[in-house]
Amino acid sequence: MTSLILNISKIVAQAFADEGLEAGFGQVKTSDRPDLAQFQCNGAMAAAKVAKLSPRAVAEKIVARLNTHDIFSKIEIAGPGFINLNLTDDALGEYVNNLACDPRLGVRDIGAGATVVLDYGGPNVAKAMHVGHLRASIIGDTLRRVLKFAGYDTIGDVHMGDWGTMMGMVISELELRHPEWIYFQEDFSGPYPDESPVTIEDLAEIYPTASGNSKSDPARMALSHRATVELQNKRPGYYALWQKMVEVSIASMKSNFAALNVYFDLWLGEASVHDVIAPMVEDLKAKHYAVMDDGALVVPLKRNEDTKEYPPLFLYKRDGAVMYSTTDLATIVDRVEKFHPAKILYIVDQRQNLHFEQVFRAAYLTGIVSPDVELTHVGHGTMNGPDGKPFKTRAGGVLRLEDLIALGLEKARQRLHEAGIDQHFSGDELDDIARKVSVAAIKFADLQNNRMTDYIFDLDRLTSFEGKTGPYLLYQVVRIKSLHEKADYQFDPSHRIIVDRSNRDLVLMMVEWPQVLEAATRDYAPHFLCDYVYKLAQMFSSYYAATHVLSQEDVATKISALALSHLVLKHIEMILDLLGIYAPQRM
RNA sequence: GGUCCCGUAGCUCAAUUGGAUAGAGCAUCUGCCUUCUAAGCAGAGGGUUGCAGGUUCAAGUCCUGCCGGGAUCGCCA
């Protein structure tokens with residue numbers, strides 16, 4: 001079904017067209033002034049310039065034509081030339097009753113099956129995941145769900161950092177500490193043991209040490225670089241050790257992502273494209289895109305019209321190693337060949353913007369992607385501490401993602417205990433509720449921010465359960481479920497929602513949904529969904545407080561209220577699903 | 001220094017991309033649990049949108065200049 005906004009827009013657009021004006025002026029939206037009208041069209045003011053008439057004169061002509069339609073209960077001109085519109089309750093009722101049978105709730109198919117690859121999460125094998133990974137993971141996963149809902153064929157790839165200097169740092173550190181390990185014996189020919197010599201806890205300690213030592217000591221850094229090159233050349237001992245580190249690391253990542261309901265279709269990393277690199281580089285050399293520059297092999301990207309510096313893209317560093325610019329470009333080669341995507345989206349920290357601009361420019365310049373493929377860096381801001389710098393714990397370290405999740409879980413349990421409702425639940429159900437509440441709190445608190453801006457990390461806010469929070473939404477869901485249980489209600493398509501003064505605002509809110517979803521899809525902006533679902537839940541809560549459902553004596557009125565609450569329930573749950581948030585049966 | 005981003009209520013954030021009276025949550029204050037879950041509802045106070053100009057019917061949003069903060073600028077990711 002098409003959205004109501006679209007249907008009204010068509011009618012108004014036709015009126016403009018009949019006046020010899022561009023139909024595009026007929027775009028209708030929900031009113032910014034609900035006290036004045038339900039819908040508005042601002043096109044008369046824009047059209048006035050073209051028509052060389054006053055805005056009000058244009059509006060009057062349009063209004064005269066709209067008056068022939070009986071779906072409008074009010075048509076007015078206000079201010080400089082706003083056309084304000086109200087619909088009859090019958091027209092609203094017809095739409096909302098159809099909505100109840102549409103799983104997409106009025107959203108058209110935007111994607112038409114085109115493929116979108118989403119690159120998000122980006123955890124590193126060398127180090128444990130911390131709160132800094134939260135944003136990229138959940139924004140990326142949400143966009144994957146949103147684009148899929150919008151009709152795209154989506155592929156989410158975790159794209160682990162597993163082939164760069166960080167790995168060389170860790171391997172060389174291990175070699176310094178344990179030179180006797182068989183992984184470091186040049187004459188050992190295998191097989192290597194099944195069990196990993198390092199745990200994720202080891203890695204959490206080793207990487208910061210190795211990184212710190214390498215940065216402060218050039219000789220130590222040289223060891224890291226050498227180990228990186230040898231790993232990339234697949235020296236057997238290094239490669240076997242690397243495989244073990246990847247294994248333990250993935251196990252840890254999976255538990256973190258699972259805890260947050262973050263899903264990936266592909267578990268690939270930088271190393272996955274190792275075999276793509278050499279042929280790609282040969283091709284770029286043959287076509288003279290790749291040239292030597294101070295001992296390194298690079299692709300120059302400068303253009304004369306540039307207003308800012310464009311450093312060249314590095315393919316091979318002077319020491320012979322490849323770096324993330326190399327693997328990112330090779331990954332595009334790989335994705336284009338395998339998936340023929342219409343878009344590739346990178347949900348990565350905004351600070352890497354220049355890097356992605358370089359990679360994209362190189363990809364277009366060399367013909368690795370055709371100009372009609374969209375490459376977008378969907379950047380996000382950083383999570384800062386109270387000092388405005390990237391967040392660190394009081395001890396100066398990073399807060400592990402699993403620790404954040406544990407903190408939320410503990411607080412949710414405490415909350416259930418304080419409310420004295422934990423005695424009504426079994427241990428398993430209690431765990432499940434606490435988990436759902438804490439995940440809802442953490443994810444919603446993050447996703448409701450505009451992804452581009454930095455924001456201040458606040459543990460209390462991230463694990464807050466009142467006000468504009470995830471748990472508030474779960475609470476509304478649970479209340480509706482409980483209401484239906486008490487009423488022993490099952491929805492049936494024959495149940496009619498009767499629109500009247502008591503529920504009109506709630507119905508009008510649901511009319512907005514399709515344009516919210518489209519905006520979120522267009523701008524890759526999850527916070528539009530958060531804003532909307534919160535307003536919807538809030539409006540339902542208000543309705544719920546004002547209208548006692550179970551005591552309604554008139555059968556049709558009662559059925560209408562139950563059917564409406566069912567529709568709202570489906571609506572909220574659907575959006576929560578897009579955010580990767582799930583509600584318990586009760587809480 | 002070059003380039004880019006940001007500055008909105010005491011705090012944390014929105015504002016459908018140029019629309020009407022700039023909105024939420026937290027915090028503060030006032031009401032509401034003997035009918036559906038009070039993790040709730042109803043209401044109040046709180047603003048020269050950093051400053052100064054400009055563009056037009058209309059500017060938090062666009063252009064210019066200041067002030068303040070941040071990011072980034074060749075072999076880390």
Side-chain angles (χ1 to χ4, degrees), chain A residues 29-33 35-36 40 42 45-46 48-49 54-55 78-82 84 122 124 126 161 164-166 169 211 214-215 224-225 270 293-298 306-319 321 323-325 348-355 358 379 381-382 384 388-389 415-416 419 421 437 445 448-450 452-456 458 460-461 464-469 471-472 474-476 478-487 512 515-516 518-520 523 525 527-528 530-532 534-535 538 541-542 544-551 586-587:
Chain A
K29 57 181 205 165
T30 47
S31 179
D32 291 330
R33 292 285 303 272
D35 53 319
L36 299 181
Q40 67 185 76
N42 302 341
M45 290 174 287
K49 277 187 185 151
S54 77
F82 294 101
N84 285 338
N124 295 305
T165 307
M166 274 191 286
M169 287 177 176
S211 173
S214 295
K215 275 174 195 156
S224 294
H225 282 150
E270 296 166 340
D293 178 353
D294 194 19
L297 186 68
V298 304
D306 287 343
T307 55
K308 64 177 172 182
E309 279 292 310
Y310 262 92
L313 187 89
F314 278 75
L315 295 174
Y316 280 107
K317 299 191 294 176
R318 206 174 347 185
D319 64 13
M323 52 187 284
Y324 70 135
S325 46
V348 181
D349 193 312
Q350 183 61 24
R351 287 176 294 187
Q352 293 194 39
N353 187 254
L354 178 60
H355 161 69
Q358 287 178 265
T382 48
N384 291 333
K389 297 269 164 61
R415 175 59 189 248
L416 284 160
I421 42 178
V437 167
Q448 70 172 294
N449 294 303
N450 181 328
M452 284 297 278
T453 54
D454 297 345
Y455 78 98
I456 304 213
D458 179 348
D460 288 337
R461 182 164 176 260
S464 165
F465 305 147
E466 276 129 49
K468 191 175 179 183
T469 64
Y472 172 91
L474 302 190
Y475 179 70
Q476 302 308 337
V478 164
R479 281 210 301 194
I480 300 176
K481 285 182 177 174
S482 170
L483 171 65
H484 290 175
E485 215 168 282
K486 286 225 162 65
E512 287 188 40
Q515 52 181 4
V516 171
E518 286 197 32
D523 295 345
H527 80 281
F528 288 166
C530 296
D531 221 51
Y532 173 77
Y534 177 69
K535 279 196 288 188
Q538 211 175 25
S541 192
S542 181
Y544 178 88
T547 311
H548 197 270
V549 177
L550 294 182
S551 60
R586 39 183 202 157
M587 63 187 272

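Computation of the quantities below employed the complete heavy-atom set of this structure, encompassing side-chain atoms and omitting hydrogens, waters and symmetry-equivalent molecules. In what follows, every chain begins at residue 1, and chains take the letters A, B, ... in the order their sequences are listed.
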Undergrad: Can you list the steps and then say if A:T453 with A:H527 is a side-chain contact (heavy atoms from CB on, under 4.5 Å)?
TA: CA-CA 12 Å; A:T453 54; A:H527 80 281; over 6 Å; no
Undergrad: Under a criterion of less than 4.0 angstrom to any heavy atom of chain A, what are the 5'-terminal and 3'-terminal contacting nucleotides of RNA chain B?
TA: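 So the contact region on RNA chain B extends B:U3 to B:A77.
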Undergrad: Please work out whether B:U17 sits syn or anti, treating a glycosidic angle within 90° of 0 as syn.
TA: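 Base orientation: syn.
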Undergrad: Take atom C1' in B:U61 and the same atom in B:U17, then report the distance between them in whole Å.
TA: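 About 7 Å, rounded to a whole number of Å.
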Undergrad: With syn defined as a glycosidic torsion within 90 degrees of 0 and anti otherwise, which applies to B:C63?
TA: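 Anti conformation for B:C63.
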Undergrad: According to ring pair (Phe, Tyr, Trp, His ring centres under 6.0 Å), who are the partners of A:F465, at least two apart in sequence or on a separate chain?
TA: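 Listed in chain order: nothing, the list is empty.
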Undergrad: Would you find a donor on one side and an acceptor on the other, under 3.5 Å apart, between the side chain of A:Q358 and the backbone of A:P312?
TA: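 A pair under 3.5 Å: yes.
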Undergrad: Say we look at B:G54 and B:G23: how far apart would their C1' atoms be, to the nearest angstrom?
TA: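 To the nearest whole Å, 28 Å.
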Undergrad: Rounded to whole angstrom, note down the C1' distance from B:G60 over to B:C26.
TA: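 Pairwise C1' distance, B:G60 against B:C26, rounds to 23 Å.
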Undergrad: Do the side chains of A:K317 and A:H225 get nearer than 4.5 Å, heavy atoms only?
TA: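 Yes - at least one pair of side-chain heavy atoms lies under 4.5 Å apart.
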Undergrad: How does RNA chain B look in dot-bracket form if you count Watson-Crick and G-U pairs under 3.5 Å, write [ ] for pairs that cross, and put | where a base pairs with another strand?
TA: (((((((..((((.....[...)))).(((((.......))))).....(((((..]....))))))))))))....
Undergrad: Is the shortest side-chain heavy-atom distance between A:K468 and A:D531 below 4.5 Å?
TA: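 Yes, at least one pair of side-chain atoms sits under 4.5 Å.
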